[in-house]
Amino acid sequence: MISLSPAAGGKVRIDGWAAPAAGLDVELHRPGADVVTTASDDDGRFAFDSVERGRASLVVRRTDGGGGAVSTPVIEL
């Protein structure tokens, strides 16, 4: 689950929660931009504080390398 909220400078804050809770690496993919990565907390919660508006998708991977990756559809921020 993700929610979007306004951030300073016309940007967007992305707050997310992935279940089941585990150590997760979350990647933010945007066309023409470097991939930005953050880690979830023990409850599966993560955030990207200040993201430019536009198209984006998220890729979630377990930090222990188990399982595959899960990718969201492309969304408009």
Side-chain angles (χ1 to χ4, degrees):
M1 175 175 72
I2 64 168
S3 65
L4 307 175
S5 55
K11 296 182 179 182
V12 177
R13 177 182 167 95
I14 302 171
D15 288 284
W17 176 66
L24 303 170
D25 289 324
V26 184
E27 302 170 357
L28 175 64
H29 293 257
R30 302 192 61 240
D34 291 336
V35 174
V36 179
T37 303
T38 192
S40 71
D41 65 14
D42 291 339
D43 294 322
R45 290 188 165 88
F46 61 89
F48 294 95
D49 290 326
S50 186
V51 179
E52 294 285 344
R53 293 189 176 271
R55 298 173 56 133
S57 65
L58 299 171
V59 175
V60 180
R61 304 172 196 278
R62 289 177 46 163
T63 56
D64 67 7
V70 175
S71 179
T72 67
V74 174
I75 59 170
E76 187 72 29
L77 302 176

Taking the side chain as C-beta and beyond, is there a heavy-atom pair between D25 and F46 under 4.5 Å? no
Does a side-chain heavy-atom distance below 4.5 Å link L24 with R61? no
Compare every heavy atom of R53 with every heavy atom of G10, then report the nearest pair and how far apart it is. O-NE, 3.0 Å
Can you see which heavy atom on S57 is nearest to which on P73, and at what distance? CB-O, 3.9 Å
Say you draw a straight line from [atom1] of [X] to [atom2] of [Y]; how long is it, rounded to the nearest 0.5 Å?
| X | Y | atom1 | atom2 | result |
| --- | --- | --- | --- | --- |
| R45 | T38 | CZ | OG1 | 14.5 Å |
| I14 | L58 | CD1 | CG | 5.5 Å |
| L77 | R13 | CG | CZ | 13.5 Å |

Can you tell me if D42 has over 12 outside heavy atoms packed within less than 6.0 Å of its CG? no
Count I, L, V, M, F, W, Y as connected when their side-chain heavy atoms are under 4.5 Å apart, and connections chain through other members. Are [X] and [Y] then in the same cluster?
| X | Y | result |
| --- | --- | --- |
| V70 | L28 | no |
| V12 | W17 | no |
| F48 | V74 | no |
| L4 | V36 | yes |

Which is it for R55 and E76 under the salt bridge (charged side-chain N to carboxylate O under 4.0 Å, His left out) test, yes or no, and what are the steps along the way? CA-CA 5 Å; R55 298 173 56 133; E76 187 72 29; 5.2 Å; no
Do T72 and I2 pass the side-chain contact (heavy atoms from CB on, under 4.5 Å) test, and can you show the C-alpha distance, the side-chain angles, and the key distance before you say yes or no? CA-CA 10 Å; T72 67; I2 64 168; 6.0 Å; no
